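Worksheet: one structure, shown below.
Atom set for the values below is all heavy atoms of this structure, side chains included, hydrogens, waters and symmetry mates excluded. As the structure is a prediction and not an experimental result, all values here were calculated from the model. Quick note on labels: first sequence line is chain A, next is B, and so on, each numbered from 1.
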Amino acid sequence: MWFFVLKRAASTLPVMLVVALVVFLMLRLTPGDPAVVIAGDQATAEQIARIRATLGLDLPLHVQFLTWMGQILKGDLGVSIFSNLPVTTLIGQRLEPTLVLTATTIVFSVLVAVPLGVLAAWKAGGWVDRLVMVFSVVGFSFPVFVLGYLLIYKFSLDLKWLPTQGYRSPFTDFQGFLRTITLPTITLGAIYVALVTRITRASVLEVLGEDYIRTARAKGQNERKVLFRHALKNAAVPIATVIGIGVALLIGGAVVTETVFNIPGLGRLVVDAILRRDYPVIQGLILVFSFTYILINMLIDVAYTVLDPRIRY
Amino acid sequence: MTAPVLSVENLTVRLPAGGDRANAVTDLSLTVAPGEIVCVVGESGSGKSVTAHSVMGLLPKGQLTPSSGRILLEGEDVLAASPARLRDLRGTRMAMIFQEPMTALNPVLKVGDQIDEVLRIHTPMSAAERRARVLEIMDAVRLPDPARMIDAYPHQLSGGQRQRIMIAQALVLDPALLIADEPTTALDVTTQAQILKLVAEMQTRRNTGVLFITHDFGVVAEIADRVVVMQHGRVVEQGDRETVLREPREAYTKMLIASVPSITPPERPPVSGPIVLETDKLSKTYGSTGFFAGKGRVVKAAADVDLRLRRGETLGVVGESGSGKSTVARCIARLIDPSAGAIRLSGVDIATMPERELRPHRRNVQVVFQDPYRSLNPRRTVGDSIIEGPTNFGLSKTDALARARDLMGLVGLSPDALDRYPHQFSGGQRQRICIARALAMEPQLLIADEAVSALDVSVQAQVLRLLDDVRKRFDLAVLFITHDLRVAAQVCDRIMVMQNGSVVEEGATRDVFAAPKHPYTKALFEAAPGREFGSRLTADLD
């Protein structure tokens, strides 16, 4: 098991290197020059050239790449072209809200979706099942910003139960955190609830046809335990896969929600950096995102071996 | 006579509307006394499994409903019992073991926990008491080293061991009634013999009543006290074992018994045609051979297999699962590549021939596989399936269709059926289609890989006759892979017994059956259920 984790970890290194190279090249090969953006509309050609030289953008590509790789190995992702702050600092500031929102969204989705999916599978074809499935189609088809603004309208403006926007850290102001995080979590979670419910239903439904479910009933086991002890654990591998993909997507994909609820997270940082062609920030962020993806994939693989003893690498 | 543990009275189970008959089971009555083994025997669709599941209350909800009759378990009507009461009875007063030990156990729970679960549901025992009880029952069903095996997962055990776990789980609370639904059908003969012995022994010691569902008359002859024969959901005949097997009254029972191939091979003249197939030290090794394969496990699926097959001859390859018999067949058909050795087809070595050169030879070797439900493409008409091969080899579509129509007649099906899809045929008919498909290629060698194993005995007998008929008509060489000694006895000129990838014994079928030399062959024969029944039957027919 530990050998497997180590082996998996080692195999991520070449992947990371390729990601770094692709990111670096894609940014250089797409049109748009940060020096022009910085210099502004009135700048002369010499001013732009000077800015390019200070930023090192006039050096040959491979030199730029190697310099950047050297910095990364020292844990230095460079300095933002615009704010002059180290990229690591920028990411660090924005990391907490995004991670916290991801965590609450996933916990919320799993807690709602897994029981709903199991229930739907158990009552497959009945009205409970149909209701759950209709609900999940709605969850799929509602755009995040529509749902977000609807929730704000109802619970913040109309009922005045919750604030309209903002973010409080759970480590400093837990009550404020709960009040601010609730609506974004529901908004962002809706689609994951829908997704995980469907996967859980399909997966449990398949397992319920297996012989060992009949064996469990033949032992006199009650339905609740048949579902949760026998069926769910066997159905868990695809569910874990979807949850893992969900986590990975959430970390980079909360842009709209962060905008609607004015949360200072990574999603907003990405958008700002891209609009300003802030190369070091974009590169750093993509590296962090890919690293997270790879890490999560590895965790899912490890989770498989825990969920299903037949899976051994 | 003591009060029966189980008494089924006039049970009728309705099928959903639109089925091929109104009831799965009609007006069925039977009893099981304490300490008695009652075998319910019948072909697929006879309603024997539905009967078993009705007793346990495990019929699929909404699809099958008992509509009349009573099922009395020690006097209590289980059809009238509440779901909670039924759960109390399952595992304590009645228990069930199933056909597929591979799938009947939950793959993600330890086997010890699965036995323990019965105790946890039904008793107030402490964890320590339960563990002691689990170890005790595991020991009673002769599982090796229970203290270690208690923490194993199902996939780490063999099929026979898993079935022992199932039996342990069923008997741990000493139920009055054990229902066994084809519990040995998926097992090898030697394992089957051990499990049958175990069931009989446990049942005698605990005075359990057993309702034993089977399609196999050999098994019936081996363990039944009484026999109930079913057809189309009705009881055709019931009585004690000797009467039903020796003096069956009903035509259906007589037909079923007559369809069971005898284990005594008939006299066959030696075949002297030219050699079609010859293998020389044919081997197939599985195992990691890559860069990191340092400590990888190497499995010899087939080792140094020499065989020779003449035109018009049937060579049986007999062995249990994992013996390598199918591997040999697949290598010869070049469905997998052999690791070493030669395969000479009419003198030409095809063992290592590259695909492009091999193609013209492919038509000479055709295979009929075990599962007729899965070996035909469900989305193509049977006509398309039959003509695909010949058209690949340049025959025009019209000519191929004409040949297909002839062949359909030859295998006993209507030529008009070529436009239909596989799901419109029964298992036996599909296997006929598979044979027609193979013959359409005009092969020299036909490989039948467990081709009749999935069929009911009466259908099996018909398909075997058809295979024998086409062999004679086309002067084919047939390589007949089977685990079933009775079938091998009837159709093979020579047989080859395989164990763990090697051939352990070979010879004319009659000689091998009369005087097996290798200990493994002897063990196989001893394990074959109901041997006496078979030989007696032949004696009667002679």
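For the residue pair A:Ala218 and B:Arg90, the shortest heavy atom distance occurs at O-CB, 3.2 Å.
Put simply, of B:Met96, B:Gln99, B:Gln114, B:Lys110, the one with the most heavy-atom pairs under 4.5 Å next to chain A is B:Gln114. Per-residue heavy-atom pair counts under 4.5 Å with chain A were compared for B:Gly91, B:Ala95, B:Pro107, and the maximum is reached by B:Pro107. Of all the listed residues (B:Val118, B:Asn106, B:Ile121), the one sharing the greatest number of non-hydrogen pairs under 4.5 Å with chain A is B:Asn106.
A salt bridge links A:Glu223 with A:Arg217: at least one charged nitrogen is closer than 4.0 Å to a carboxylate oxygen. Using a 4.0 Å cut-off between charged side-chain N and carboxylate O, B:Glu117 and B:Arg120 make no salt bridge.
Here OG1 of A:Thr102 is found 8.5 Å from OH of A:Tyr192. Values are rounded to the nearest 0.5 Å. Atom-to-atom distance recorded for B:Ile195:CD1 and B:Ile97:CD1 is 8.0 Å, nearest 0.5 angstrom.
Heavy-atom distances place the side chain of B:Leu109, and not its backbone, under 4.5 Å from chain A. When heavy atoms are compared at a cutoff of 4.5 Å, A:Leu307 approaches chain B solely by way of its backbone atoms N, CA, C and O.
Counted within 6.0 Å of CZ on A:Phe65, heavy atoms from surrounding residues, nucleotides or ligands total more than 12; the atom is thus considered enclosed. Around atom NZ of A:Lys233, more than 12 heavy atoms belonging to other residues, nucleotides or ligands sit under 6.0 Å away. Within a 6.0 Å sphere centred on CZ of A:Phe291, other residues, nucleotides and ligands contribute 12 heavy atoms or fewer.
Interface residues of residues 168-180 of chain B toward chain A, defined by a heavy-atom distance below 4.5 Å and sorted by number: B:Gln169. Identified by a heavy-atom distance below 4.5 Å to chain B, contributing residues of residues 120-132 of chain A are lacking entirely.
Looking at B:Glu129, its side chain does come within 3.5 Å of a backbone N or O of B:Ser126 through a donor-acceptor pair.
Evaluated for a side chain to side chain contact (heavy atoms under 4.5 Å, CB included) with B:Leu211, the options B:Ile37, B:Asp181, B:Val40, B:Val8 yield exactly one hit, B:Val40. Partner of A:Thr104 under the side chain to side chain contact (heavy atoms under 4.5 Å, CB included) criterion, chosen from A:Leu178, A:Thr185, A:Ile186, A:Thr182: A:Thr185.
At a cut-off of 3.5 Å, with distance as the only test, a side-chain donor of B:Glu182 or B:His215 sits close to an acceptor on the other residue.
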